[in-house]
Student: 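I am attaching a structure below and will ask some questions about it afterwards.
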Amino acid sequence: MTAEVKGPAAYFPSIEKKYGRPIAEWKELIRTSPLTKHMELVNWLKSEHGLGHGHANALAEDAGK
């Protein structure tokens, strides 16, 4: 029996499919960014990389862990 993926990781398959980059690459971009605050990262992912709010939020939330 497979456990249901919950939280930000639930968005990862659709992020990879829609934007064509693996999650590891997104995490590396976030890690090397000079931004540290959650909403700064969300806004940066939206404006610079064209992500939708939900996807950007999921990546920024996961990066903060």
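These numbers were taken from a predicted model, which means no experiment stands behind them.
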Student: Which atom pair, heavy atoms only, marks the closest approach of Leu51 to Leu59?
Tutor: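 Heavy atoms only, the tightest pair is CD2-CD1, 3.4 Å.
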Student: Got a second to check how far Leu35's CG is from Glu48's CD, nearest 0.5 Å?
Tutor: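 Here the interatomic distance stands at 9.5 Å.
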Student: Can any side-chain N or O of Asp62 pair as donor or acceptor with the backbone N or O of Ala58 at less than 3.5 Å?
Tutor: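 No; judged by distance alone, with no hydrogens or angles, the pair does not exist.
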Student: Got a donor-acceptor contact below 3.5 angstrom from the Ser33 side chain to the Leu29 backbone?
Tutor: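 Here the side-chain-to-backbone pair does not exist.
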Student: What is the distance from atom NE2 of His53 to atom CG of Asn43, rounded to the nearest 0.5 Å?
Tutor: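 Interatomic distance, His53 NE2 to Asn43 CG, rounded to 0.5 Å: 8.0 Å.
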Student: Could you state the interatomic distance from CH2 (Trp26) to CZ (Phe12), rounded to the nearest 0.5 Å?
Tutor: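 If we round to the nearest 0.5 Å, Trp26:CH2 and Phe12:CZ are 12.0 Å apart.
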Student: Could you give the distance from CZ (Arg21) to NE2 (His49), rounded to the nearest 0.5 Å?
Tutor: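 Atom-to-atom, Arg21:CZ and His49:NE2 are 6.0 Å apart.
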Student: What pair of heavy atoms forms the shortest contact from Glu16 to Ile23, and how long is it?
Tutor: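 Taking Glu16 first and Ile23 second, the nearest heavy atoms are OE2-N, 3.0 Å.
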Student: May I ask whether Ile15 and Leu41 are part of the same hydrophobic cluster, defined by side-chain heavy atoms of I, L, V, M, F, W, Y residues being less than 4.5 angstrom apart, directly or through others?
Tutor: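 Yes; Leu41 is reachable from Ile15 via cluster members.
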Student: Check the hydrophobic clustering (I, L, V, M, F, W, Y; side-chain heavy atoms under 4.5 Å; chains of links allowed) and say if Tyr11 and Ile30 are grouped together.
Tutor: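 They do share one cluster, since a chain of ILVMFWY contacts under 4.5 Å joins Tyr11 to Ile30.
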